[in-house]
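Given the structure is predicted, the values throughout are model-derived calculations rather than measurements. Per chain, numbering begins at 1; letters A, B, ... match sequence-line order.
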Protein chains: 2
Amino acid sequence: MEPSSPEVAAAPALPAESGLHARVLEHLGTAICGGELAPGSVLNIDELVDRYAVSRSVVREVLRVLASIGFIEARRRVGVMIRPASAWNVFDPQVIRWRLASAGRMAQLRSITELRTAVEPHAAYLAASRIGRDEASDLVGLAAKMWAAGEAGDEERFLHLDIEFHRRVLLASGNEMFVRLQELVAEVLTGRHKHHLMPHHPHEQALQMHADVAQAIQRRDGERARQAMVQLMEQAFDEMKSLWEQTAPPDRSKAE
Amino acid sequence: MEPSSPEVAAAPALPAESGLHARVLEHLGTAICGGELAPGSVLNIDELVDRYAVSRSVVREVLRVLASIGFIEARRRVGVMIRPASAWNVFDPQVIRWRLASAGRMAQLRSITELRTAVEPHAAYLAASRIGRDEASDLVGLAAKMWAAGEAGDEERFLHLDIEFHRRVLLASGNEMFVRLQELVAEVLTGRHKHHLMPHHPHEQALQMHADVAQAIQRRDGERARQAMVQLMEQAFDEMKSLWEQTAPPDRSKAE
DNA sequence: TTCCACTCAAAGATCATATCATTTGCATCA
DNA sequence: TGATGCAAATGATATGATCTTTGAGTGGAA
């Protein structure tokens with residue numbers, strides 16, 4: 001496999017979070033997401049205190065957080081039980097980060113891409129009726145810059161502009177839940193980039209579609225904005241498909 | 001066999017959670033969501049220890065959870081600062097529960113409804129290609145029961161069947177993130193019901209559309225399933241619209 | 001005056017220990 | 001056989017002490 005690039009360029013937030021709490025949380029979270037701690041297995045506090053050589057306070061605080069994420073469940077006289085993935089808060093940014101760093105990476109990318117495919121078109125639609133005049137201008141400007149970066153073959157710059165573009169559309173949707181998906185989109189795009197799934201010169205089509213989305217939003221044509229974004233998503237989805245077609249099965253887990 | 005809703009109705013979970021942790025968490029979470037603790041204001045641990053008459057252990061554990069949700073940020077020498085809503089994990093079930101119970105109730109219902117509008121059609125589309133034979137049969141059966149309950153004017157039963165129907169579609173989508181939205185859908189439908197937004201005899205149209213969705217999924221016609229679900233969402237959205245048109249503005253907050 | 005280095009104290013972070021409360025396994029007894 | 005009750009295990013809570021970080025004030029140098 002690939003040499004597992006450590007912390008990408010400007011990875012979000014926590015490569016080496018200081019503090020015992022963050023350290024233990026990170027380790028346990030990773031272990032659970034990675035399946036090293038299988039669902040059903042049981043830990044107990046004293047054991048963790050020993051293993052990590054930290055105090056009870058630290059361990060308990062970490063466990064509370066893990067419990068709130070749905071990773072564990074503490075029961076008296078039994079211990080701390082690892083819960084199945086179906087109980088996890090899969091929208092928690094931390095969980096997504098851990099999953100993206102685990103073996104389930106592809107499955108996670110797939111899920112997020114599907115979510116994008118569903119949400120972004122509607123976000124574009126909503127943005128068309130809610131965006132402000134200046135924001136709309138900026139969006140069109142961004143699309144133009146993407147065109148320039150694409151023509152110039154400046155991958156790095158294109159990636160950042162791409163992320164920014166989608167971020168602004170979600171922001172302009174006026175729905176705080178959509179806005180929160182912005183980080184996920186950034187993760188997917190970055191992931192796609194890292195895996196060299198982007199042609200050095202982005203498809204002419206894609207560039208045009210970004211421009212179409214921006215223009216439609218500015219003209220307040222929600223339906224057209226949605227359509228353009230749908231096409232964009234279809235193309236993005238196809239590009240990603242090659243990634244997991246060879247690694248992860250379509251995830252027909254009967255989780256519940 | 002019967003869809004035999006196991007604990008379909010057992011949705012809510014924590015009215016009077018026992019334990020100091022849950023009690024304090026609930027109170028603080030509600031206060032922050034409700035705006036009683038304004039963003040930017042500062043607390044400190046000892047103060048909370050006094051206010052709730054619990055030990056520091058309890059307070060600290062609660063604060064860690066609140067921090068992981070993005071509600072607060074603890075800084076040495078300063079205290080515990082309440083963070084703005086833009087930092088919240090708006091997908092956390094707890095947060096949604098708190099917001100639904102707060103003054104922002106309508107805004108929350110609106111956000112979720114918009115999210116549904118975006119996600120459910122795509123979920124139906126995916127379900128068409130991923131659902132199992134038996135699950136598909138059950139789905140069609142559910143739609144049929146909805147028809148019966150609708151004709152009979154049994155609102156209560158209709159509500160439960162409706163929730164179960166959407167739950168199954170999301171489940172069949174095979175995307176664990178979509179599955180997680182199931183609880184949100186249940187909340188919205190229940191909320192709509194409580195506010196008497198459902199005609200005593202559900203629209204003939206709606207009944208037909210549920211049947212269409214189910215059938216399209218069973219026939220593995222993803223595009224048709226999506227279309228039918230879109231119509232369903234449009235109608236649901238229109239019904240909800242009257243709710244917030246009088247209470248909450250379109251939320252053009254420039255949060256970031 | 002302006003600015004930088006230094007000091008000090010406030011508040012969270014961590015640790016260690018003790019006690020309380022609940023659950024479960026198991027032995028006891030009818 | 002089955003109900004009953006005891007006791008150990010384990011998390012939950014309480015408490016006091018110490019460590020670490022950092023904002024704010026202080027004073028001297030440019």
Side-chain angles (χ1 to χ4, degrees), chain A residues 13-29 31-32 37-84 87-88 94, chain B residues 13-29 31-32 37-84 87-88 94:
Chain A
L14 356 238
E17 274 263 20
S18 56
L20 299 180
H21 177 84
R23 204 163 58 71
V24 176
L25 179 62
E26 190 71 16
H27 194 274
L28 276 176
I32 294 175
L37 287 173
S41 53
V42 177
L43 307 173
N44 72 60
I45 293 181
D46 295 318
E47 174 189 333
L48 293 172
V49 166
D50 291 342
R51 182 188 313 177
Y52 292 105
V54 296
S55 70
R56 267 186 181 58
S57 314
V58 173
V59 170
R60 297 201 96 262
E61 285 164 27
V62 167
L63 292 181
R64 287 293 196 190
V65 172
L66 291 176
S68 101
I69 296 176
F71 275 21
I72 64 170
E73 188 182 352
R75 290 166 64 177
R76 294 179 150 151
R77 174 66 199 228
V78 174
V80 176
M81 202 165 35
I82 311 296
R83 300 182 67 188
W88 301 353
Q94 277 187 313
Chain B
L14 0 240
E17 274 266 17
S18 56
L20 298 181
H21 178 84
R23 205 164 56 71
V24 176
L25 178 63
E26 189 71 17
H27 194 274
L28 275 175
I32 294 175
L37 287 173
S41 53
V42 178
L43 307 172
N44 72 58
I45 293 182
D46 295 321
E47 174 189 334
L48 293 171
V49 166
D50 291 342
R51 183 187 312 176
Y52 291 106
V54 296
S55 70
R56 264 176 307 132
S57 315
V58 172
V59 170
R60 297 199 98 266
E61 285 164 27
V62 167
L63 292 181
R64 288 290 196 191
V65 171
L66 290 175
S68 101
I69 296 177
F71 275 21
I72 64 170
E73 189 181 351
R75 291 166 64 180
R76 296 181 188 217
R77 176 64 200 236
V78 175
V80 176
M81 202 166 33
I82 311 295
R83 299 182 67 188
W88 300 352
Q94 277 187 313

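- With a 4.5 Å cut-off on side-chain heavy atoms, A/Leu63 and A/Ile72 count as touching.
- To the nearest angstrom, C1' of C/dG12 lies 13 Å from CG of B/Leu43.
- Using a 4.5 Å heavy-atom threshold, the side chains of A/Val62 and A/Leu20 count as separate.
- Side-chain contact between A/Val54 and A/Val49 is absent, with no heavy atoms from C-beta onward closer than 4.5 Å.
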Show every donor-acceptor pair shorter than 3.5 Å between a side-chain atom in residues 73-84 of chain A and any protein atom, with sequence neighbours excluded, or say none if there are none.
none

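- Taking A/Arg60 as the reference, A/Ile45, A/Arg64, B/Glu61 meet the side-chain contact (heavy atoms from CB on, under 4.5 Å) condition, with sequence neighbours excluded.
- Looking at B/Arg56, its side chain comes within 3.5 Å of the base of D/dG16 through a donor and an acceptor atom.
- Residues of residues 59-78 of chain B that place a heavy atom closer than 4.0 Å to DNA chain D, in numerical order, are B/Arg75, B/Arg76, B/Arg77, B/Val78.
- Between A/Ser57 and B/Ser57, the closest side-chain pair of non-hydrogen atoms is not below 4.5 Å.
- Atom-to-atom, CG of A/Asn44 to P of C/dT22 comes out at 21 Å; the value is rounded to the nearest Å.
- By the 4.5 Å heavy-atom criterion applied to side chains, B/Leu28 and B/Tyr52 are counted as neighbours.
- Residue A/His21 contributes atom NE2, which lies 17 Å from atom P of D/dT21 at whole-angstrom precision.
- Between the CE atom of B/Met81 and the P atom of D/dT22 there is a distance of 13 Å, rounded to whole Å.
- In this structure, A/Ile45 places its CD1 atom 8 Å from C1' of D/dA12, rounding to the nearest Å.
- Among pairs with a residue in residues 40-49 of chain A, those fulfilling salt bridge (charged side-chain N to carboxylate O under 4.0 Å, His left out) read A/Asp46-A/Arg56, A/Glu47-A/Arg51, at least two apart in sequence or across chains.
- Counting to the nearest Å, the P atom of C/dT22 and the CG atom of B/Leu20 are 11 Å from each other.
- Distance, B/Leu25 CG to D/dA12 P: 14 Å, rounded to whole Å.
- The distance from atom CG of B/Asp46 to atom P of C/dA13 is 12 Å, rounded to the nearest whole Å.
- Five base pairs at each end of the helix from C/dT1-D/dA30 to C/dA30-D/dT1 define two local axes, and these are offset by 10° (rounded to 10°).
- Among residues two or more places apart in sequence or in another chain, the salt bridge (Lys or Arg N to Asp or Glu O under 4.0 Å) test is passed with B/Arg23 by none.
- Between B/Ser55 and D/dA14 there is a side-chain N or O to OP1 or OP2 distance below 4.0 Å.
- Scanning atom types as modelled, one donor and one acceptor separated by under 3.5 angstrom connect the side chain of B/Ser57 and the base of D/dA14.
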